[in-house]
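Keep in mind that this is a model prediction, so the values were computed, not measured. Atoms considered below: every heavy atom in the structure, side chains included; atoms not considered: hydrogens, waters and symmetry mates.
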Amino acid sequence: MRERIWAPLPPPPLLPLLLLLLPPPLWGGPHDSPRPEQQREPGPLQPFDLLYASGVAAYYSEDYELAVRDLEAALRSHRRLREVRARCARHCAARRPLAPPGVGPAAELPFFRALLERARCYRSCQSQRLGGPVSRHRVSEDVRSDFQRRVPYNYLQRAYIKLNQLEKAVEAAHTFFMANPEHMEMQQNIENYRTMAGVEALQLVDLEAKPHLESYSAGVKHYEADDFELAIKYFEQALREYFSEDMECRALCEGPQRFEEYEYLGYKAGLYEAIADHYMQVLVCQHECVRELATRPGRLSPIENFLPLHYDYLQFAYYRVGEYVKALECAKAYLLLHPDDEDVLDNVDYYESLLDDSSDPASIEAREDLAMFVKRHKMESVLIKSAAEGLGFSYTEPNYWIRYGGRQDENRVPSGVNVEGAEVHGLSMGKKSSPKIDRDLREGGPLLYENITFVYNSEQLNGTQRVLLDNVLSEEQCRELHSVASGIMLVGDGYRGKTSPHTPNEKFEGATVLKALKFGYEGRVPLKSARLFYDISEKARKIVESYFMLNSTLYFSYTHMVCRTALSGQQDRRTDLSHPIHADNCLLDPEANECWKEPPAYTFRDYSALLYMNDDFEGGEFIFTEMDAKTVTASIKPKCGRMVSFSSGGENPHGVKAVTKGQRCAVALWFTLDPLYRELERIQADEVIAILDQEQQGKQGLNINPRDEL
């Protein structure tokens, strides 16, 4: 019998004693209360973070009825809070418009009066609708992140199954999976639940689905089936929902902002600097709503050219149903964002030729909804760029409407062509995938050092540009590195101090080469051991450069000694990964089977390597997968001196299986062929090593204190 696989859950949070003593009435409605669309709970709105913490605590206490009650209430509270904030922002914008400055000695007072009245209105509106002070609903970034990643649904699906509510478990699991498509175990859970409940695929419901994305997908489906009447219906509905969602997104941007460059208590900006700092963060956030609304849950990259595509589909759909004026309006709307699109320019000419004599083509303008949107977007862009120059912050305007590749002629309607008899295809939905490697793919070069054992090449590892080697380190070197690791590691190093950046079931620690040398010079670890870290990473670089027969120098991009430690008491039925499936220089999109080479990915990385230091742990296998992030193509068990290296692109998605017992340590290395992206700390480490070598040889001509280099 096949063992059921459960999705992993984070550990129980450290709940304050006060939270544990809260009376049950504060923690939501009855277990079987209707969904929020049917009934709103009486009394003040309870903060969703408290409800969430209570639900998680109940879950780990195996009180699943209470867990479901409080987690459902937390989701309702979260939705209600968003609704109130967006509604109050729109309400107060209408009631308290910011009047332009007057004329005279107190010209700015009308503006600030309007601003203060807007703030008072906003606070009063929220307090009334929330039933209490707004400050109760200020939550931590961790909780905010959990709701963004739909983590409450992970708890809910497990609680529902304990309560034998299979259909609800399927809904919760599917909702979580839609925002976490790399979660291989959750997909298996859904299949298990559907088998148990007899639920068909069409019954899978995303409880957090965005209406405008659903309508857009329906429009594309009908368009590709040549059902143009229904395609028009859904695309028009998608646009109405899009602009409504845009208003909500912009309103929510007016909330608190994070000033990452400043310590709050040390923030010394004056009145106008503070206002400008905050406003520009709000404005950039609002400007980015274009990207936010075009991004599917669980994806980092938006659908390319998303908003213009609505009008591109519509211009042709309206043409096919004989509504030439509307087709012309949509075509002209599309040209607002792509004025040089030759296909649509030809379409405009053709649509104008089809108008009857009573219609003046010059009087038919682009759709007003997009015209107003584009006008505002351009004004914001000008203001942000101007502020960036004047206030000294960095800003690069993204190309929100970018199209990759040439458009085909399927939507070009040249005069004289009998379209009814011509073959008409759907629009291209192409995106910029990870480009093919623009260098010769070679391997099998010399390994340079004695005793290194070749194990597998790319073909044997079922992939491209992969190699597995043994004995890169000796047993003694492994012990020495493992020993020095305990003296230099910092929890969360490289991840802003997060103890468990990849999984809550493990502790993550790391250290760089420069830090090791600094500790060695200060006598906190043996200098010889710190030097070994530097030397073996250079050895690995030379091996990778030689084996893959690269014609140019391979530079360090980042060097990191890392240890992953299984946390006791959190390993039962664990099925998550120690490090989720990813690629090193592009954003992996498993649903599309693509990897997008764009920020925030480290697009300059070309090769990667992992050099293992020990094997006295359980789990922790390194795995390669297909781009679907599910199909494992190779699995590698770490051991002392073993090194796996591979090219960093979408051709090599990889991850790490859960470390379920003990500590797994390795040296992780990323390399680049572009000297512009050389690791700065490595350059400094090179200088330190050069100085230490001179000291060892008794050559003190430069008279430089190594401490100055550290």
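No hydrogens or angles considered: nothing links the side chains of Y607 and D584 as a donor-acceptor pair under 3.5 Å. With hydrogens and angles left out, the side-chain atoms of R682 and S537 include a donor and acceptor closer than 3.5 Å.
In this structure, D615 and R642 have side chains that are not in contact, with every pair of non-hydrogen atoms separated by 4.5 Å or more. Side chains of K630 and T625 form no contact here, defined as non-hydrogen atoms less than 4.5 Å apart. Under the 4.5 Å side-chain criterion, counting only non-hydrogen atoms from C-beta, K539 is not in contact with D535. Contact check for L532 versus V484: no side-chain heavy atoms found under the 4.5 Å cut-off. Residues F617 and T565 fail the side-chain proximity criterion, which asks for heavy atoms closer than 4.5 Å. Two residues are said to be in side-chain contact when any heavy atoms from C-beta on lie closer than 4.5 Å; S645 and F548 meet this criterion. With contacts defined as side-chain heavy-atom distances shorter than 4.5 Å, the pair N154/R149 does not qualify. Looking at heavy atoms from C-beta onward, Y52 lies in side-chain contact with V151 at the 4.5 angstrom threshold.
With values rounded to the nearest 0.5 angstrom, S557 atom OG is found 12.0 Å from L680 atom CG. The structure places CG of L611 at 10.0 Å from CG of L469, a figure rounded to the nearest 0.5 Å. Note: T295 OG1 to I303 CD1 = 8.0 Å, rounded to the nearest 0.5 Å. Between the CD1 atom of I581 and the CD1 atom of I623 there is a distance of 4.0 Å, given to the nearest 0.5 Å. The CZ atom of R442 sits 10.0 Å away from atom CD of Q465, with the distance rounded to the nearest 0.5 Å.
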Checklist entry - Do M643 and V544 pass the side-chain contact (heavy atoms from CB on, under 4.5 Å) test, and can you show the C-alpha distance, the side-chain angles, and the key distance before you say yes or no? => result CA-CA 10 Å; M643 185 175 87; V544 173; 4.1 Å; yes
Checklist entry - Run the side-chain contact (heavy atoms from CB on, under 4.5 Å) check on V562 and M613 step by step: do they pass? => result CA-CA 10 Å; V562 296; M613 296 156 48; over 6 Å; no
Item to check | Pair T453-L447, side-chain contact (heavy atoms from CB on, under 4.5 Å): steps then yes or no | outcome: CA-CA 9 Å; T453 304; L447 300 179; over 6 Å; no
Next on the checklist: One pair to check against side-chain contact (heavy atoms from CB on, under 4.5 Å): I689 and E538. What are the steps and the verdict?
Outcome noted: CA-CA 12 Å; I689 290 294; E538 174 62 16; over 6 Å; no
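The number of heavy atoms from other shown groups lying within 6.0 Å of CD (E292) does not exceed 12.
Put simply, the side chain of N593 gets close to the backbone of D628: a donor and an acceptor are under 3.5 Å apart. Put simply, the side chain of D589 never gets that close to the backbone of E594: no donor and acceptor are under 3.5 Å apart. Using a distance-only test at 3.5 Å, with no hydrogens or angles considered, a donor-acceptor pair links the side chain of K637 to the main chain of G619. The backbone N or O of V659 lies less than 3.5 Å from a partner atom in the side chain of E506, making a donor-acceptor pair. Panel note: side chain Q460, backbone N457; a donor-acceptor pair is recorded below 3.5 Å. Judged by distance alone, with hydrogens and angles left aside, the side-chain atoms of Q663 form no donor-acceptor pair with the main-chain N or O of C563 at under 3.5 Å. A donor-acceptor pair under 3.5 Å is formed between the side chain of S546 and the backbone N or O of P446. Under the 3.5 Å distance criterion, the side-chain polar atoms of R291 are left unmatched by any main-chain donor or acceptor of P302. The backbone N or O of G649 lies less than 3.5 Å from no partner atom in the side chain of S647, so there is not a single donor-acceptor pair. Under the 3.5 Å distance criterion, the side-chain polar atoms of N652 are matched with a main-chain donor or acceptor of T464.
Between H654 and A583, the shortest heavy-atom distance links the atoms CE1-CA, 4.4 Å. Across A629 and L588, no two heavy atoms sit closer than the pair CB-CD2, 4.3 Å. Among all heavy-atom pairs drawn from F671 and A609, the shortest one is CE1-CB, 4.0 Å. Scanning all heavy atoms of the two residues, the minimum distance from S529 to L481 falls at O-CD2, 4.5 Å. The minimum heavy-atom distance between G650 and M627, with the atom names listed, is O-CE, 3.2 Å. Smallest separation of non-hydrogen atoms from M489 and A511: SD-N, 3.9 Å.
A search for salt bridge (Lys or Arg N to Asp or Glu O under 4.0 Å) contacts involving R605 returns nothing, not counting sequence neighbours. Residues meeting the side chain to side chain contact (heavy atoms under 4.5 Å, CB included) test with T512, sequence neighbours left out: D493, L514, K515, Y558, H560, E681. Under the side chain to side chain contact (heavy atoms under 4.5 Å, CB included) criterion, A690 pairs with no residue, sequence neighbours left out. Remark: V139 pairs with F48, D49, V143, R144 by the side chain to side chain contact (heavy atoms under 4.5 Å, CB included) rule, at least two apart or across chains. Applying the side-chain hydrogen bond (donor to acceptor under 3.5 Å, both in side chains) criterion to R479, with sequence neighbours excluded, gives no partner residue. Partners of V644 according to the side chain to side chain contact (heavy atoms under 4.5 Å, CB included) rule, which considers only residues two or more places apart in sequence or in another chain, are L468, L610, Y612, F622, F624, I636, F646.
A ring-ring contact (aromatic ring centres under 6.0 Å, His included) with Y677 is found for one member of Y555, F604, F556 and no other, namely F604.
Salt-bridge annotation for K542 and E545: absent, with no side-chain N of the basic residue lying under 4.0 Å from a carboxylate O of the acidic one. A salt bridge does not link K385 with E389: every distance from a Lys NZ or Arg NE/NH1/NH2 to an Asp or Glu carboxylate oxygen is 4.0 Å or more.
Cation-pi geometry between R150 and F176 is not met: the NZ or CZ atom fails to fall both under 6.0 Å from the ring centre and inside 45° of the normal.
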